[in-house]
Amino acid sequence: MSGIPTTPQAMESFLCRNLATYLDIPPAHRIHRDRPLYSQGVDSLTALALQRRLERALRIPVPASALLRENSVSELAAVLADLMRRSTVAQGGGTAAA
């Protein structure tokens, strides 16, 4: 699928672009990839809006807890990349080989 990130690095960039929309921090590279999301202005309302946007864009369920923990962009990207991989495997589109 075109435009859907498939690696943790691509997912980080995707998340930064989407976070910039909600946090009004252009350009996206100003978002720190190693700092917790809450310390960058992600509150519960922002997390809910971001969750919905990510679910539409990635076509997978995104647990709200992943957005509300002390996760950084990098940590969240790894979680989402893993969810994407599991979803692809569950749909028969790939293998679970590591």
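Any value given below was found using the heavy atoms of this structure, including those in side chains, with hydrogens, waters and symmetry copies removed. Bear in mind that the values here come from a model prediction, so they are computed numbers and not experimental data.
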J.: Side chains of P5 and L58: does their closest heavy-atom pair fall under 4.5 Å?
T.: yes
J.: Would you indicate whether the side-chain heavy atoms of V62 and L50 approach each other to under 4.5 Å?
T.: no
J.: Do Q51 and S65 come close enough that some side-chain heavy atom pair is under 4.5 Å?
T.: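 Contact flag for Q51/S65 side chains = no.
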J.: Answer yes if V42 and L68 sit in the same cluster of Ile, Leu, Val, Met, Phe, Trp and Tyr residues linked by side chain heavy atoms under 4.5 Å apart, and no otherwise.
T.: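 Looking at the clustering, L68 is in a separate group from V42.
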J.: Is a side-chain N or O of S74 found less than 3.5 angstrom from the main chain of D34, in a donor-acceptor match?
T.: no
J.: Working to the nearest 0.5 Å, report the span between CE of M11 and CG of N18.
T.: 10.0 Å
J.: List the atom of P61, the atom of P63, and the distance in Å for their closest heavy-atom pair.
T.: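 Heavy-atom minimum between the residues: O-CD, 3.8 Å.
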J.: Going by heavy atoms in the side chains, are F14 and L80 under 4.5 Å from each other?
T.: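 A side-chain contact under 4.5 Å is absent here.
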J.: Quick check: does any side chain N or O of N71 sit under 3.5 Å from a backbone N or O of A66, one acting as donor and the other as acceptor?
T.: yes
J.: Without swapping roles, check the side chain of S87 against the backbone of L83 for a donor-acceptor pair under 3.5 Å.
T.: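 Pair absent, no side-chain N/O of S87 close to backbone of L83.
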J.: Test of understanding: clusters of I, L, V, M, F, W, Y form through side-chain heavy atoms closer than 4.5 Å, transitively. Do I60 and L76 belong to the same one?
T.: yes
J.: With sequence neighbours left out, which residue pairs that include part of residues 66-84 fulfil the salt bridge (Lys or Arg N to Asp or Glu O under 4.0 Å) condition?
T.: D82-R85, D82-R86
J.: Just to verify, which of T46, L48, L54, V79 counts as forming a side chain to side chain contact (heavy atoms under 4.5 Å, CB included) with L67?
T.: L54
J.: Just wondering, are more than 12 heavy atoms of other shown residues or ligands nearer than 6.0 Å to CZ in R52?
T.: no
J.: Is any side-chain heavy atom of L15 less than 4.5 Å from a side-chain heavy atom of R33?
T.: no
J.: Would a distance-only check, ignoring hydrogens and angles, find a side-chain to backbone donor-acceptor pair under 3.5 Å from Q40 to H32?
T.: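 Flag set: sc Q40 to bb H32 pair under 3.5 Å.
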J.: Taking all atoms of both residues into account, what is the closest heavy-atom pair of C16 and I31, and its distance?
T.: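 So the minimum-distance heavy-atom pair works out to O-CD1, 3.4 Å.
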